[in-house]
Amino acid sequence: MKKLVNGFAKVVEAFLVILMALMVLVVFMATVGRYSQLFAIPWSEEFARYCMIAIVYLGLMLASLQERHFIVELVPLIFRKSPRVILGVNVVVTVLLDAFAIFMASYGWDIVSKMLAQGKLSPMLKLPLGGLYALIPIGIVLMAVFYTYRTVEKLRAASAGTVPEDEKEATT
């Protein structure tokens with residue numbers, strides 16, 4: 001399972017790197033063209049906006065898998081000597097995050113299905129807006145799945161009395 005998860009994460013990371021490079025290239029070319037008055041790329045702003053949305057919402061998954069998302073470490077600081085409390089808080093946070101993801105997925109799917117049914121297209125690129133809006137619930141659900149995966153790994157390690165490999169690397 002770990003190989004599958006890490007392989008999927010590497011594919012998503014490669015996709016996001018390519019997307020970021022394309023976004024930077026298009027914005028750079030549009031800026032050069034605009035200031036030199038040699039050419040114009042009228043769709044560059046829209047392309048950059050949609051690339052950024054994809055990078056943010058698909059990047060949520062990578063951040064949750066690698067535990068690089070923004071967290072408040074108040075509980076671990078207070079209960080440093082009591083790992084069971086920290087693990088319990090992790091489980092509670094995971095359950096709340098999963099509930100939020102379910103809400104966002106259902107509400108997001110309602111919006112996406114309405115936009116797809118209406119056939120709305122983006123102004124310049126003529127992409128279906130429903131597909132672009134689908135990145136939000138997909139990214140949030142992937143974030144919750146991988147956050148839950150990490151929490152289950154921590155629970156397994158705690159029940160086995162070991163430290164997960166990723167946390168060993170972080171402490172050394």
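The residues of the chain are indexed from 1 along the displayed sequence.
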Minimum heavy-atom separation for [X] and [Y], please, with both atom names.
{"X": "L58", "Y": "V12", "answer": "O-CG1, 4.1 Å"}
{"X": "G130", "Y": "M115", "answer": "CA-CB, 3.8 Å"}
{"X": "T94", "Y": "N90", "answer": "OG1-O, 2.7 Å"}
{"X": "L87", "Y": "A158", "answer": "CD2-CB, 3.5 Å"}
{"X": "L65", "Y": "A9", "answer": "CD2-CB, 3.4 Å"}

Count I, L, V, M, F, W, Y as connected when their side-chain heavy atoms are under 4.5 Å apart, and connections chain through other members. Are [X] and [Y] then in the same cluster?
{"X": "V56", "Y": "M143", "result": "yes"}
{"X": "V112", "Y": "I102", "result": "no"}
{"X": "L125", "Y": "F39", "result": "yes"}
{"X": "W43", "Y": "Y35", "result": "no"}
{"X": "M124", "Y": "Y50", "result": "yes"}

Less than 4.5 Å apart, any side-chain heavy atom of [X] and any of [Y]?
{"X": "M1", "Y": "Y149", "result": "yes"}
{"X": "M104", "Y": "P137", "result": "no"}
{"X": "F15", "Y": "M20", "result": "no"}
{"X": "F8", "Y": "L142", "result": "yes"}
{"X": "D98", "Y": "T148", "result": "yes"}
{"X": "V141", "Y": "I138", "result": "no"}
{"X": "V152", "Y": "Y147", "result": "no"}
{"X": "L121", "Y": "L127", "result": "no"}

Is the number of heavy atoms from other residues, nucleotides or ligands under 6.0 Å of [X] [atom1] greater than 12?
{"X": "F47", "atom1": "CZ", "value": "yes"}
{"X": "W109", "atom1": "CH2", "value": "no"}
{"X": "E45", "atom1": "CD", "value": "no"}
{"X": "R49", "atom1": "CZ", "value": "yes"}

> Should L19 and M23 be marked as a side chain to side chain contact (heavy atoms under 4.5 Å, CB included) after you check the CA-CA gap, both sets of side-chain angles, and the distance that decides it?
Replying inline: CA-CA 6 Å; L19 211 54; M23 182 180 73; over 6 Å; no
Separation between [atom1] of [X] and [atom2] of [Y], rounded to the nearest 0.5 Å:
{"X": "I86", "Y": "K81", "atom1": "CD1", "atom2": "NZ", "value": "11.5 Å"}
{"X": "E13", "Y": "M61", "atom1": "CD", "atom2": "CE", "value": "9.0 Å"}
{"X": "C51", "Y": "I18", "atom1": "SG", "atom2": "CD1", "value": "11.5 Å"}
{"X": "L97", "Y": "I140", "atom1": "CG", "atom2": "CD1", "value": "9.0 Å"}
{"X": "L60", "Y": "I136", "atom1": "CG", "atom2": "CD1", "value": "10.5 Å"}
{"X": "I111", "Y": "L116", "atom1": "CD1", "atom2": "CG", "value": "12.0 Å"}

> L155 and V91: side chain to side chain contact (heavy atoms under 4.5 Å, CB included), yes or no, with the steps?
Replying inline: CA-CA 9 Å; L155 288 171; V91 169; 3.9 Å; yes
> Using 30° and 60° as the class limits, which term best fits the ring planes of F100 and F103: parallel, tilted or perpendicular?
Replying inline: tilted
> Do the charged groups of R150 and E153 touch, with an N to O distance under 4.0 Å?
Replying inline: no
